[in-house]
Amino acid sequence: MSFYITTPIYYTNDVPHIGHAYTTIACDIISRFKKLHNNEVFFLTGTDEHGQKVEKAANNANLDPKQFVDKVSVNFEKLVSDLGCEINDFIRTTEKRHKIAAQSLWNELIKNDQIYLSHYEGWYSIRDEAYYAESELKKNNNKYFTKDGSPVEWVKEESYFFKLSKWQDKLIELYENNPNMILPNSRYNEVLSFIKSGLRDLSISRTTFKWGVQVPNNENHVMYVWIDALCNYLTAINYPKLNDNKFTNFWPATHIVGKDILRFHAVYWPAFLMAAKLDTPKKIFAHGWWTNEGEKISKSLGNIIDPYEIINEYGLDQMRYFLFREVPFGNDGDFSKNAIANRVNADLSNNYGNLIQRILSFIVKNCESKIEATQNFTNEDYELIDKFIAKFEEYQNNFENYQIDKSIKSIMELLSHTNTYVDTQAPWSLRKNDIKRMNVVLFLISNIIIKSTIMLYPIIPSSSKKALSFFNIDINNVNFENFTKINNKDLIISNPQPLFPRIEL
Ligand code: MSP
């Protein structure tokens, strides 16, 4: 099976912050989970480099737009690897391959009679790169603003239009037939009711600035940044070469996006695709927004969370873990230093790290670092094994619906259970009077630790690899096939070290 997952491409008008990191890590987690299921994964991210917003940012920095985006894009690309994310491609919309793809998509829409030339007049927000109806705005000091506070200005220009209104019924039909295509469900309902409230044709070109992909055969127009940007998902798999392996193998994609840009992905994008006679996305998941200690994150408030600061203070896996355990994926969440410390201490240091540490150091000290394989399990052992099987099933089902927090919770429940098992079986007492039983108990605990560690791998990949190395296991040699079976293999322990030191509050 192949699986194509995408982040939104990030605007190159700013430095990356925790919100950008969040979407990228989400895709990394999902793609690692899919790889454990032996899927062939294509994971795409990149930067959205055109449009008036970027042009203005370049002007403010006294740079030519291309020089400016070259500089800013690098920060986003570097962040991906610094977040421990394994991508397959990083796309920039200023690349030649993208210009070709975007213009081909445009030509295809022209060919299918989906575009016409007319005039546009309306309230435009540069920050959102979108037009608004007056009913969507609020007035302050004789100026109009969007509900999120972006200023809008009255714009009149010649514009190409996409016949979006024609696609209203098809979109309704698409979503009524595929109720799981947009997740979470509340977002599905929101999108469907937006479509049902009526769609107007969409202005898809601009004449007031030049920083964009030129409209084919009309040099006065550049493409509206959203049609240009959305097309990146096709560019990366070699569109317009429809017979290309990459294209046939990976399209359609699963898009992970923030709730603020769901409309572009769930209304405009599927309509463009249908109009170009291409398949609509497989799934669109909209996640929530992070606030900082209760406040909306914004540059003007000066409370942007720098992912590097969190990584330096708490560690990369600690940050990844916190972001996806603390808040249900899809909901808004509040970032606070207290919350990250508490979460890491309770789950990673106490529940997981201590278990590994105490069992492995016991084995090193008392068993010459070796445990012989056995299947001599008692009823109590089978109870723990059954628990593991049940929790693994929960973990998978939740992951399939992108309920990552619940998946993690299942692992933590399994680990709590294992800790209780350790206490009741008390290998330290067995050492004195029943070495054989002690061996069985340690073998089972070690195996459950290995299983939990593999289940944690998508979320905390580098710690998980390290923990597996204590058992001489290479992550590249494991997957979820026959996962519920307890291996009949001797275990040799090497070099166990503490993984998650407690964070002092
Ligand atoms: N360039 C467009 C996307 C085009 S996709 C074809 C864009 N870029 S963005 O840089 O403004 O935002 C990228 C992503 O970051 C969005 O999914 C957005 O929701 C996410 N976030 C930005 N701030 C965020 C938080 N405070 N919290 C969580 N995610 C946030 O939109």
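Whatever order the structure lists them in is the order used to number ligands and atoms, beginning at 1.
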(request) Report yes if the side chains of Phe324 and Ile25 come closer than 4.5 Å at any heavy-atom pair, otherwise no. (result) yes
(request) Grab the two heavy atoms, one from Thr93 and one from His50, that are nearest each other, plus how far apart they are. (result) O-CE1, 3.1 Å
(message) Considering Asp260, Asp128, Leu230 one by one, which has a heavy atom nearer to atom 19 (O) of ligand 1 than any of the others?
(response) Asp260
(request) For ligand 1, find out whether one of its N or O atoms is nearer than 3.5 Å to an N or O atom of His287. (result) no
(request) May I ask you to check whether Trp226 has an N/O atom sitting below 3.5 Å from an N/O atom of ligand 1? (result) no
(request) Number the atoms of ligand 1 from 1 as they appear, then name those within less than 4.0 Å of a heavy atom of Gly288, with their elements. (result) 28 (C)
(message) Give me the residue, atom name and distance of the protein heavy atom closest to atom 3 (C) of ligand 1.
(response) Ile9 O, 3.2 Å
(message) Below 3.5 Å, N or O to N or O, backbone or side chain included: is there any such pair between Ile297 and ligand 1?
(response) no
(request) Could you pull out, from His265, His17, His20, the option with a heavy atom nearest to atom 15 (O) of ligand 1? (result) His20
(message) Tell me the protein heavy atom at minimum distance from atom 31 (O) of ligand 1, and give that distance in Å.
(response) Ile261 CG2, 3.5 Å
(message) Can you tell whether the side chains of Lys196 and Glu176 come within less than 4.0 Å, N to carboxylate O?
(response) yes
(message) For ligand 1 and Tyr233, I'd like to know whether there is a polar contact (N/O to N/O, distance under 3.5 Å).
(response) no
